Amino acid sequence: MNDRPSTPLLDQVVWPADLRKLQPDQLRQVADELRQEVISAVGVTGGHLGSGLGVVELTTAIHYVFETPDDKLVWDVGHQCYPHKILTGRRDGIRTLRQGGGLSGFTKRAESEFDPFGAAHSSTSISAALGFAVANKMQGKPGKAIAVIGDGSMSAGMAYEAMNNAREAGNRLIVILNDNDMSIAPPVGGLSAYLARLVSSREFLGLRDLAKRLARKLPRPLHNAARKTDEFARGMAMGGTLFEELGFYYVGPIDGHNLDQLIPVLENVRDAAEGPCLVHVVTQKGKGYAPAEAAADKYHGVQKFDVITGAQAKAPPGPPSYTGVFAKALIAEAERDSTVCAITAAMPSGTGLDKFAAAFPDRTFDVGIAEQHAVTFAAGLAAQGMRPFCAIYSTFLQRAYDQVVHDVAIQNLPVRFAIDRAGLVGADGSTHAGSFDITYLATLPNMVVMAAADEAELVHMVHTCALHDDGPIAVRYPRGNGVGIALPETPERLEIGKGRIVREGRQVAILSLGTRLEEAMKAAEALEARGLSTSVADLRFAKPLDEAMIRKLLTTHEVAVTIEEGAIGGLGAHVLTMASDQGLIDNGLKLRTMRLPDIFQDQDKPEKQYADARLDAEAIVDTVLTALRHNSAGIGSEVRA
Ligand SMILES: Cc1ncc(C[n+]2csc(CCOP(=O)(O)OP(=O)(O)O)c2C)c(N)n1
Ligand SMILES: CC(=O)[C@@H](O)[C@H](O)COP(=O)(O)O
Ligand SMILES: [Mg+2]
C-alpha cells in the first residue's frame with residue numbers, strides 16, 4: 001500500500017498565494033515534498049508520471065514568481081500538470097485523477113481558474129498564451145501569459161506558427177521551453193539535434209551572463225547593440241538562436257531543477273521591458289524517482305505501481321492487443337512487399353511501429369509530433385509508388401484533416417491509414433476519444449473506411465489495405481485487447497464494400513460496425529429470448545456501404561438498428577441517407593441509429609464508458625423494444641398522444 005508521504009511544508013500550501021508567503025530558501029523543501037506527493041498519488045491512480053516529475057521545481061518557481069491565476073499559465077499537452085494541480089487547490093482530489101467524476105489527467109478550464117486553457121493534444125500552448133497576452137494588451141489589462149512547452153511538442157508546426165506571430169504580444173508573452181530531451185520516445189529530427197547543440201555548446205546561464213543578456217532597461221538601439229555584441233561574443237556559428245531569429249529574446253539554457261537559477265531568471269523575464277522571451281530550461285524526465293529515471297520511457301505513462309519498488313500493476317494475461325495484432329500483421333505484409341513502409345508521429349510504442357521498426361528500420365519513419373507532415377509525407381511516398389501505412393491515433397489524426405482531404409483524398413492517393421484508439425479510450429477522457437474518424441473520413445471522396453470487429457478481422461483488413469492501390473483506405477480499431485478469436489494463418493483480401501451476415505433472423509436487424517459486434521450478438525440473444533428473431537450483420541465498411549446487403553435487411557425486417565463506436569454523422573447517417581434516398585423508410589420500417597454521445601466527462605475504463613454512453617447490449621435491446629412500442633400509426637401519432 002502506498003503510504004502518503006510526510007509533507008509538513010507542502011501541507012501549508014493550498015494555493016499559490018500560500019507559496020508566495022514562503023521564503024525562497026523554503027521552496028526547495030516544498031519542491032521535494034511536492035515530488036513525493038506526486039509519486040505517491042500516481043502510484044495509486046496510474047497516469048502520466050515522468051513528465052510531471054521533471055517540472056516539479058519549474059512549477060514551484062512559476063507559481064512563486066508569477067501572480068497566477070491573473071498571470072495565465074498554459075501547459076502544453078497538460079500531462080505534466082499534476083504538480084500544478086497540487087499547488088492550485090486540488091491536492092485533496094489528486095488521488096481521483098483520471099477516474100469517473102475525478103480530476104482530469106490534463107488541464108481543464110472547467111476544473112479550475114488556474115487552468116486558463118485545456119490541453120491534451122500537443123503544441124497548442126504558445127498560440128493560446130498569445131491569445132491571452134494580446135487580449136490583455138488590447139484591454140489594457142496587466143498580466144503575463146506563460147506557455148510551458150516541451151521539446152517534443154516543439155516539433156509540431158503549430159508551435160512555429162505561433163512563434164512567428166508572437167511579436168504581437170511584446171513582453172506579455174513568455175515561453176518556457178521544457179527541454180528534457182524526451183518525447184514519449186527519444187525525440188527525433190533536426191530540432192532535437194539543434195536543442196542538444198544549444199545545451200551542449202553553453203554552460204548553464206550564470207547570473208553574470210544573465211545580467212548582461214537581460215539588459216532590458218537599455219533604450220532599444222543600445223539594447224540591440226549590446227545584444228549583437230553578445231551574439232557575436234557567443235560566436236555567430238550558432239546563428240544566435242533559432243528562437244531569436246523568430247523574434248524572441250532567448251534566455252538559457254538554465255538548469256530546470258535549480259531554484260536558485262529558476263527564480264531570478266523568471267523574475268527578470270517577468271520584469272523585462274520588452275519581449276517576447278523564451279526561457280530554455282533543461283530538465284530530466286522522471287527526475288527524483290529512480291525507477292522512472294532508469295526506465296527507457298521515463299515512466300511517461302504508468303499503471304498503478306508500488307512506490308517502493310516501482311513495479312507496475314500488471315494487467316491479467318488476455319488476448320493480444322489490437323495494436324500488437326496490427327504490428328504483427330503489418331510486418332507480415334512488409335515481408336511480402338518491399339514497398340510497404342510505415343510512419344508514426346512520435347508514437348512508436350503506442351502504434352506498435354516500434355516492433356515494425358525493429359524488423360524494418362529503413363522503412364519506418366518517426367516524424368515527431370507532426371501529424372500534418374506525416375500525412376502529406378505519406379502522400380508523397382504513395383505518389384512515388386510506395387505503399388505507406390500512416391499509423392496515427394484517431395484523435396491525433398484530427399490534427400491532419402486538411403492534409404487527408406487535400407493531399408490524399410482529392411488526389412486519390414493510395415495512403416493507408418491505420419487508426420488506433422478508435423472509439424472510447426478510458427482514462428484519457430474526451431480529448432483522446434476516437435469519436436470522430438468515421439464521420440470525418442467517410443464523407444470524403446475516394447476514401448474507403450473499414451472497422452475491424454475483432455482481431456482476426458484486423459489481420460484481413462491490414463492485408464486488404466496493403467493490396468489496395470486504388471486510392472486511400474483506412475482501418476480503425478480500438479484501444480486494448482481483442483476478443484480472443486484465433487488469428488488467421490493466411491489473411492484474406494476482403495472485397496471492398498462487402499459486409500457479412502453473422503446471425504440470421506427475421507424481425508430485427510442489428511447492423512454493427514467495428515467491435516460493438518460482440519455487444520450486438522449479446523443483444524440478439526436477449527431479443528431472441530423475448531421471441532424476437534434477430535439478424536446481426538458486421539458491415540465491415542462505413543464507406544462504401546454494402547448497399548445490397550443493407551437493402552435486403554431493411555426490406556425484410558420490421559426494426560433495424562445501426563451501431564458504431566463513433567459520433568453522429570458516421571455510419572448511421574450514411575445508412576439513413578441511403579435508406580431515405582432509396583425510399584426504404586417509406587414502408588413503416590423502424591430504423592434507429594446508435595452512436596457515441598457528443599461528449600462525455602467520465603474518464604474510466606472503456607467498457608464502463610460504453611455502458612455510460614448507452615452503447616452496449618442492454619441499450620441495443622432497449623432501443624429495439626422502444627422502436628417496436630412506438631405507435632405504428634405513422635407520422636403525427638406522437639402528436640395525438
Ligand atoms: C497532437 C498530439 N500528438 C501526439 C500526442 C501524444 N503525446 C503526448 S505527450 C507526447 C510527448 C510530448 O513530449 P514533450 O512535449 O517533450 O513533453 P514531455 O513528455 O517530454 O514532458 C506525445 C507525442 C499528443 N498529445 N498530441
Ligand atoms: C499524453 C498523451 O497524449 C499520450 O501519452 C496518451 O495518453 C497515450 O495514450 P495511450 O495510453 O492510449 O497510448
Ligand atoms: Mg520532452
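One-based numbering, in listed order, for ligands and for the atoms of each. Everything numeric here is computed off the predicted structure, so don't read it as measured data.
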### Query
Any Lys/Arg nitrogen of Lys328 or Glu455 sitting under 4.0 Å from an Asp/Glu carboxylate oxygen of the other?
no
### Task
Kindly confirm or rule out a cation-pi arrangement of Arg363 over Phe360, judged by NZ or CZ under 6.0 Å from the six-membered ring centre and within 45° of its axis?
yes
### Query
Quick check: does Arg421 get an N/O under 3.5 Å from an N/O on ligand 2?
yes
## Note on the structure
Heavy-atom contacts under 4.0 Å to ligand 1, chain-then-number order, include exactly Ser51, Val77, His79, Ala120, His121, Ser122, Gly150, Asp151, Gly152, Ser153, Asn180, Met182, Ser183, Ile184, Lys285, His300, Ala346, Met347, Ile369, Glu371, Phe396, Arg399
#### Entry: Non-hydrogen atom of Asp428 closer than 4.0 Å to ligand 2
yes
### Summary
From the list Leu177, Ile176, Val175, side chain to side chain contact (heavy atoms under 4.5 Å, CB included) with His280 holds only for Leu177
### Query
Would you find a donor on one side and an acceptor on the other, under 3.5 Å apart, between the side chain of Thr59 and the backbone of Val55?
yes
### Query
Of the options Arg479, Arg421, His432, which is the one that meets Tyr393 in a side chain to side chain contact (heavy atoms under 4.5 Å, CB included)?
Arg421
#### Entry: Nearest non-hydrogen protein atom, atom 2 (C) of ligand 2
His432 NE2, 3.5 Å
#### Entry: Cationic tip of Arg109 above Phe117 ring, under 6.0 Å, 45° of axis
no
### Task
Report the C-alpha separation of Arg90 and Asp115 in whole Å, then their side-chain angles, then the decisive distance to 0.1 Å, and conclude whether the salt bridge (charged side-chain N to carboxylate O under 4.0 Å, His left out) test is met.
CA-CA 11 Å; Arg90 287 170 278 181; Asp115 294 0; 2.7 Å; yes
### Query
Among the heavy atoms of His300, does any lie under 4.0 Å from an atom of ligand 2?
yes
### Query
Are Lys85 and Glu111 within salt-bridge range, i.e. N to O under 4.0 Å?
yes
### Of Leu195, Thr283, Val281, Leu198, the residue whose pairing with Asp179 passes side chain to side chain contact (heavy atoms under 4.5 Å, CB included)
Leu195
### Message
Within the 3.5 Å criterion, strictly below it, is a donor on His121 or Thr395 matched to an acceptor on the partner's side chain?
### Response
yes
### Under 4.0 Å to a heavy atom of Arg479 - the qualifying atoms of ligand 2, by number
10 (P), 11 (O), 12 (O)
### Message
Would the distance check show the side chain of Thr443 and the main-chain N or O of Tyr440 forming a donor-acceptor pair, the cut-off being under 3.5 Å?
### Response
no
### Query
Do Ser435 and Arg595 get their side chains close enough for a donor-acceptor pair, meaning under 3.5 Å?
no
### Query
Hey, is Glu57 close enough to Arg35 for a salt bridge, meaning N to O under 4.0 Å?
yes
### Message
Heavy-atom pairs closer than 4.0 Å: do any link ligand 2 to the side chain of His121, the backbone, both, or neither?
### Response
neither
### Query
Counting no waters, how many protein N/O/S atoms sit under 2.8 Å from the Mg ion (ligand 3)?
3
### Task
Identify, for atom 1 (C) of ligand 2, the protein heavy atom at the shortest distance, and state residue, atom and that distance.
His48 NE2, 3.3 Å
### Query
Side chains of Thr376 and Asp407: is there a donor and an acceptor less than 3.5 Å apart?
yes
### Query
Which atoms of ligand 2 sit under 4.0 Å from any heavy atom of Phe396?
3 (O)
#### Entry: Top protein contact for atom 13 (O) of ligand 2, by heavy-atom distance
Tyr393 OH, 2.6 Å
